[in-house]
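Side-chain atoms are counted along with the backbone in the values below, which use heavy atoms only and exclude waters and symmetry mates.
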Amino acid sequence: MSAMEPTLSGPVSIPVRAGIGLRPPHMALVMDEKPDAHWFEVHSENFFGGIEMIGLLERVRRDYPVSLHGVGLSLGSADGLRMAHLEKLGRLIERIEPGLVSEHICWGAIGSIHLNELLPLPYTEEALDTMVERVLVVQEYLGRRILLENLSSYLEFSHSTIPEWEFVAALSKRSGCGLLLDVNNVYVNSINHGFDAEAYIRAMPADAVAEIHLAGHTRKEHLNVPLLIDTHDRRVSPEVWALFDLTVRLLGPKPTLIEWDQQIPDFSVLQAEAALAEELMHAPIAITA
């Protein structure tokens, strides 16, 4: 990794508060008006090229803690780790000094073909070995622990031999990576694949979960089977809020992000969703006899 002249005062940790996913429509508002927000998360790849874009993110970073969330490393791809992508990520980390860095348990590219999708892995020992090996290389290269996010999915591999939640927990244990637990994705997959969402949450190692994501999903109608799509285009559903409440009570409060990537609303709507998350994160736990 090439050395770069530091431009900030040093890393700032992500607080155990509710943050907001910062997307281009709100960038100017955040820089100019500095609205009330505890922290922001951005997609890493949006800032890989161009001095202007990186300069904008540096301005945000001077006023707020920032987390980098990647969508393009394709850790589970059959053709190996994408070192050029990793090098770009490393340079961005040196420049921005984020509080957290995360990616997905998925693949989305092979050879020169990039599918612009986060695709699920077969949950097998072979896939687990591959992911552990890749994560160890990434963490060694970056010199830090990364977080990995559980994926939403709509099909399953017939030859999977490990329940998804056991695969995720084992990946963290064997590689030392942290987990970004997407509660909406757990709920979506529980409906799409017919498993117990609470059992999934209970299987997560509390000390490994370092961030939580919340987002809205869409229910497809008039189908023979239930199907939820992780659209990130609406408010968090009541069912996901209930699962988040359970998650906080089981695992403890974690830095929690409101994601909204399509049909992006006024910034005040995102602030209101973050305020709901804050209420559940810091609500007193009732003690029963």
Can you see which heavy atom on [X] is nearest to which on [Y], and at what distance?
{"X": "Ala169", "Y": "Pro205", "result": "CB-CD, 4.0 Å"}
{"X": "Met27", "Y": "Leu22", "result": "SD-CD2, 3.8 Å"}
{"X": "Ile146", "Y": "Gln139", "result": "N-OE1, 3.1 Å"}
{"X": "Pro98", "Y": "Arg144", "result": "O-NH2, 3.4 Å"}
{"X": "Pro35", "Y": "Leu29", "result": "CG-CD2, 3.4 Å"}
{"X": "Gly72", "Y": "Glu103", "result": "N-OE2, 3.2 Å"}

### Message
Checking Ile201 against Leu181 for the side chain to side chain contact (heavy atoms under 4.5 Å, CB included) test, could you report, in this order, the C-alpha distance in whole Å, the side-chain angles of both residues, the deciding distance, and whether it holds?
### Response
CA-CA 9 Å; Ile201 299 299; Leu181 179 60; 3.9 Å; yes
Taking atom [atom1] of [X] and atom [atom2] of [Y], what is their separation to the nearest 0.5 Å?
{"X": "Leu92", "Y": "Glu87", "atom1": "CG", "atom2": "CD", "result": "14.0 Å"}
{"X": "Leu121", "Y": "Cys106", "atom1": "CG", "atom2": "SG", "result": "7.0 Å"}
{"X": "Leu243", "Y": "Leu250", "atom1": "CG", "atom2": "CG", "result": "9.0 Å"}
{"X": "Leu81", "Y": "Thr130", "atom1": "CG", "atom2": "OG1", "result": "11.5 Å"}
{"X": "Met131", "Y": "Cys177", "atom1": "CE", "atom2": "SG", "result": "7.5 Å"}
{"X": "Glu41", "Y": "Ile14", "atom1": "CD", "atom2": "CD1", "result": "8.0 Å"}

Does [X] [atom1] have over 12 foreign heavy atoms under 6.0 Å away?
{"X": "Arg219", "atom1": "CZ", "result": "no"}
{"X": "Glu166", "atom1": "CD", "result": "yes"}
{"X": "Leu155", "atom1": "CG", "result": "no"}

Examine [X] and [Y] and state if one hydrophobic cluster contains both, with Ile, Leu, Val, Met, Phe, Trp and Tyr joined whenever side-chain heavy atoms are less than 4.5 Å apart.
{"X": "Met281", "Y": "Leu257", "value": "no"}
{"X": "Ile105", "Y": "Leu100", "value": "no"}
{"X": "Leu180", "Y": "Val71", "value": "no"}
{"X": "Leu148", "Y": "Leu142", "value": "yes"}
{"X": "Val138", "Y": "Leu171", "value": "yes"}

Does [Y] offer a backbone N or O that forms a donor-acceptor pair with the side chain of [X] under 3.5 Å?
{"X": "Glu45", "Y": "Leu89", "answer": "no"}
{"X": "Thr161", "Y": "Thr124", "answer": "no"}
{"X": "Arg82", "Y": "Ser74", "answer": "no"}
{"X": "Trp107", "Y": "Ala78", "answer": "no"}
{"X": "Gln271", "Y": "Ala37", "answer": "no"}
{"X": "Lys254", "Y": "Ala206", "answer": "yes"}
{"X": "Ser160", "Y": "Tyr123", "answer": "yes"}
{"X": "Arg134", "Y": "Leu75", "answer": "yes"}

### Message
Would Trp39 and Val12 count as a side chain to side chain contact (heavy atoms under 4.5 Å, CB included) here? Give the steps.
### Response
CA-CA 10 Å; Trp39 59 282; Val12 175; over 6 Å; no
### Task
Could you please spell out the steps behind the side chain to side chain contact (heavy atoms under 4.5 Å, CB included) verdict for Val42 and Leu57?
CA-CA 9 Å; Val42 299; Leu57 185 56; 4.0 Å; yes
### Message
For residues 220-279, which residue pairs pass the ring pair (Phe, Tyr, Trp, His ring centres under 6.0 Å) check, not counting sequence neighbours?
### Response
His26-Phe267
Could you pull out every donor-acceptor pair under 3.5 Å between side chains of residues 46-55 and any protein atom, sequence neighbours left out?
none

#### Entry: side chain to side chain contact (heavy atoms under 4.5 Å, CB included) partners of Ser153, counting only residues at least two apart
Pro120, Asn189, His193
### Message
Would you call the rings of His69 and His213 parallel, tilted or perpendicular, taking 30° and 60° as the class edges?
### Response
perpendicular
### Task
Consider only side-chain N and O atoms of Glu259 and Asn184, and report whether a donor and an acceptor are under 3.5 Å apart.
no
### Task
Would you check, one step at a time, whether the test side chain to side chain contact (heavy atoms under 4.5 Å, CB included) holds for Leu147 with Glu149?
CA-CA 7 Å; Leu147 311 183; Glu149 179 183 344; over 6 Å; no
### Query
Taking NZ, NE, NH1 and NH2 as the nitrogens, is one of them in Arg59 or Asp63 under 4.0 Å from a carboxylate oxygen of the other?
no
### Contacts of Glu239 that satisfy side chain to side chain donor-acceptor pair (under 3.5 Å) - sequence neighbours left out
Ser237
Should [X] and [Y] count as side-chain neighbours, where that means a heavy-atom distance under 4.5 Å?
{"X": "Asp261", "Y": "His43", "value": "yes"}
{"X": "Lys88", "Y": "Arg91", "value": "yes"}
{"X": "Tyr200", "Y": "Ser190", "value": "no"}
{"X": "Leu56", "Y": "Val60", "value": "no"}

### Message
Can you pull out every salt bridge (Lys or Arg N to Asp or Glu O under 4.0 Å) where at least one residue sits in residues 225-238? Sequence neighbours excluded, please.
### Response
Arg235-Glu273
### Query
Applying salt bridge (Lys or Arg N to Asp or Glu O under 4.0 Å), which residue pairs with at least one partner in residues 173-184 are found, sequence neighbours left out?
Asp129-Arg174
